[in-house]
Amino acid sequence: MDVRIDRVAVSYGSVDALRGVSIGASHGGSTVLVGPNGAGKSTLMSVVLGLLRPDRGEVLADGEVVACARHGATREFRARLGYLPEAVAFSENLTGRQVLRFFASARGVGRKRVEATLERVGLDGAAGRAVRGYSRGMRQRLGLGVAVLHTPDLLVLDEPTGGLDQEGLSVLWEVLAEWKAAGRSVLMSTHEIALVERHADTVCVLADGRVRAVATPDALRREAALPVRVSVELAEEAAAAQVASGLRDRHAGVEHEGRNVGLLERPEELLEVMRAVSLPTAPVRHVRVEEPGLDEVTLRILGGSRWDASPVH
């Protein structure tokens, strides 16, 4: 399902929570919303979920208007959504299997699908245990099971990584990969962009209810124009001092300690750096090139990154 959020605006009294936001969640793709608290991420999700009617703008699914100022999200559109809230809560006395069977009954899903879902989210071994004995990560996986139970066309995930250990994260990534491979869509909100970066096709940076940037992760990196960190270890201290001295003539912020040299450089200048550090009398022992994470890229777009303050991190 292709979902398009077009010029959506929402106000709470004198506060403009969304100011003409336009983004999309494409067929077989994942769109990740990032931004500080109060940026408008939760409000935007509420519009998509039909919990809030926009003041202006509209939401379209496969080209048809499914939510606008005249009406919230239609029942038919909501039936095609799967939702994982930031804080999941279930009856403490029910077992994991009973929780899924309850939602399956409401959505007309058979018991075979319940068992398959329990296995998919890694809870088949704990399905007969009461939820009160589940860890936070297990509850999060149960919430993910509820969200995918009826095989929705659009998954809406609010901080889905919260409380998940490595096993839980692996389950989440596998589900997202399966969803995209099947041509379904994902809309996700997170404060942990470094965790989900590899699973994002499009990243939307929100602040003060406005879209500051929306692009692929690679395109955002180019827009942020942050340098890479280069760390070089040479065989001898004297050679490292010579290299550092030569680099300081052409590069700002070169640091030297013992046999190690560090600097910040634009990615397109890396070949020049490697030529400068390659001395015939003292071979290079180790080179490390570190790209800025998408969390630093986002901060730069928002005006707060200090990634390029020092070549040593």
* Asked: Under the 3.5 angstrom rule, does the side chain of Arg139 hit a backbone N or O of Val88 as a donor-acceptor pair?
  -> no
* Give a yes or no answer on whether the side chain of Ser189 reaches the backbone of Glu159 with a donor-acceptor pair at less than 3.5 Å. => no
* Asked: Is there side-chain contact between Arg229 and Pro292, with heavy atoms separated by less than 4.5 Å?
  -> no
* Pairing of Lys41 and Glu86 as salt bridge, 4.0 angstrom limit -> no
* Structure fact -> For Leu60, the hydrophobic cluster (side chain heavy atoms closer than 4.5 Å, chained through members) also holds Val65
* Is it true that a side-chain atom of Glu197 and a backbone atom of Leu294 form a donor plus acceptor pair closer than 3.5 Å? -> yes
* Is Arg288 reaching over with its side chain to a backbone N or O of Ser231, donor-acceptor style, under 3.5 angstrom? -> no
* Who are the side chain to side chain donor-acceptor pair (under 3.5 Å) partners of Ser30, not counting sequence neighbours? -> Asp201
* **Exceeds 12 heavy-atom contacts within 6.0 angstrom, atom CZ of Arg210** => no
* **All pairs passing side chain to side chain donor-acceptor pair (under 3.5 Å) where residues 125-137 contributes a residue, at least two apart** => Asn93-Arg132
* **Main-chain N/O of Gly258 paired with His256 side-chain donor or acceptor, under 3.5 Å** => yes
* **Backbone N/O of Leu226 and side chain of Arg300: donor-acceptor pair under 3.5 Å** => no
* With sequence neighbours left out, which residue pairs that include part of residues 24-34 fulfil the salt bridge (charged side-chain N to carboxylate O under 4.0 Å, His left out) condition? -> none
* To do: Could you list the residues that satisfy side chain to side chain contact (heavy atoms under 4.5 Å, CB included) with Thr216, not counting sequence neighbours?
  => Asp218, Ala219
* Asked: Distance-only, no hydrogens or angles: does the Asp2 side chain make a donor-acceptor pair with backbone N or O of His27 under 3.5 Å?
  -> yes
* Asked: Is there a donor-acceptor contact under 3.5 Å from the side chain of Thr31 to the main chain of Thr202?
  -> no
* **Asp6/Val59 under side chain to side chain contact (heavy atoms under 4.5 Å, CB included): CA gap, chis, key distance, verdict** => CA-CA 6 Å; Asp6 186 28; Val59 179; over 6 Å; no
* Structure fact -> Residues at least two apart in sequence or cross-chain that pass salt bridge (Lys or Arg N to Asp or Glu O under 4.0 Å) with Glu178, listed by chain then number, are Arg120
* Asked: With sequence neighbours left out, which residue pairs that include part of residues 206-240 fulfil the ring-ring contact (aromatic ring centres under 6.0 Å, His included) condition?
  -> none
* To do: Answer yes or no: does atom CD of Glu272 have more than 12 heavy-atom neighbours from other residues, nucleotides or ligands under 6.0 Å?
  => yes
* Using the test side chain to side chain contact (heavy atoms under 4.5 Å, CB included), find all partners of Arg111 that sit at least two apart in sequence or belong to another chain. => Arg101
* Asked: Can you tell me if Glu265 uses its side chain to pair, donor with acceptor, with the backbone of Pro227 under 3.5 Å?
  -> no
* Would you please say whether a donor-acceptor pair under 3.5 Å links the side chains of Ser11 and Asp16? => yes
* To do: Let me see the working for Val109 and Thr117 under side chain to side chain contact (heavy atoms under 4.5 Å, CB included), right down to the final yes or no.
  => CA-CA 11 Å; Val109 176; Thr117 301; over 6 Å; no
* To do: Could you pull out all residues at least two apart from Ser46 that satisfy side chain to side chain contact (heavy atoms under 4.5 Å, CB included)?
  => Leu51, Leu52
* Provide the full list of salt bridge (charged side-chain N to carboxylate O under 4.0 Å, His left out) pairs with a residue in residues 48-64, sequence neighbours left out, each pair given once. => Asp62-Arg80
* To do: Check for a donor-acceptor pair, side chain of Ser185 on one end and backbone N or O of Met1 on the other, with a separation under 3.5 Å.
  => yes
* Quick one: ring pair (Phe, Tyr, Trp, His ring centres under 6.0 Å) partners of His191, sequence neighbours excluded? -> none
* To do: Provide the full list of ring-ring contact (aromatic ring centres under 6.0 Å, His included) pairs with a residue in residues 74-112, sequence neighbours left out, each pair given once.
  => none
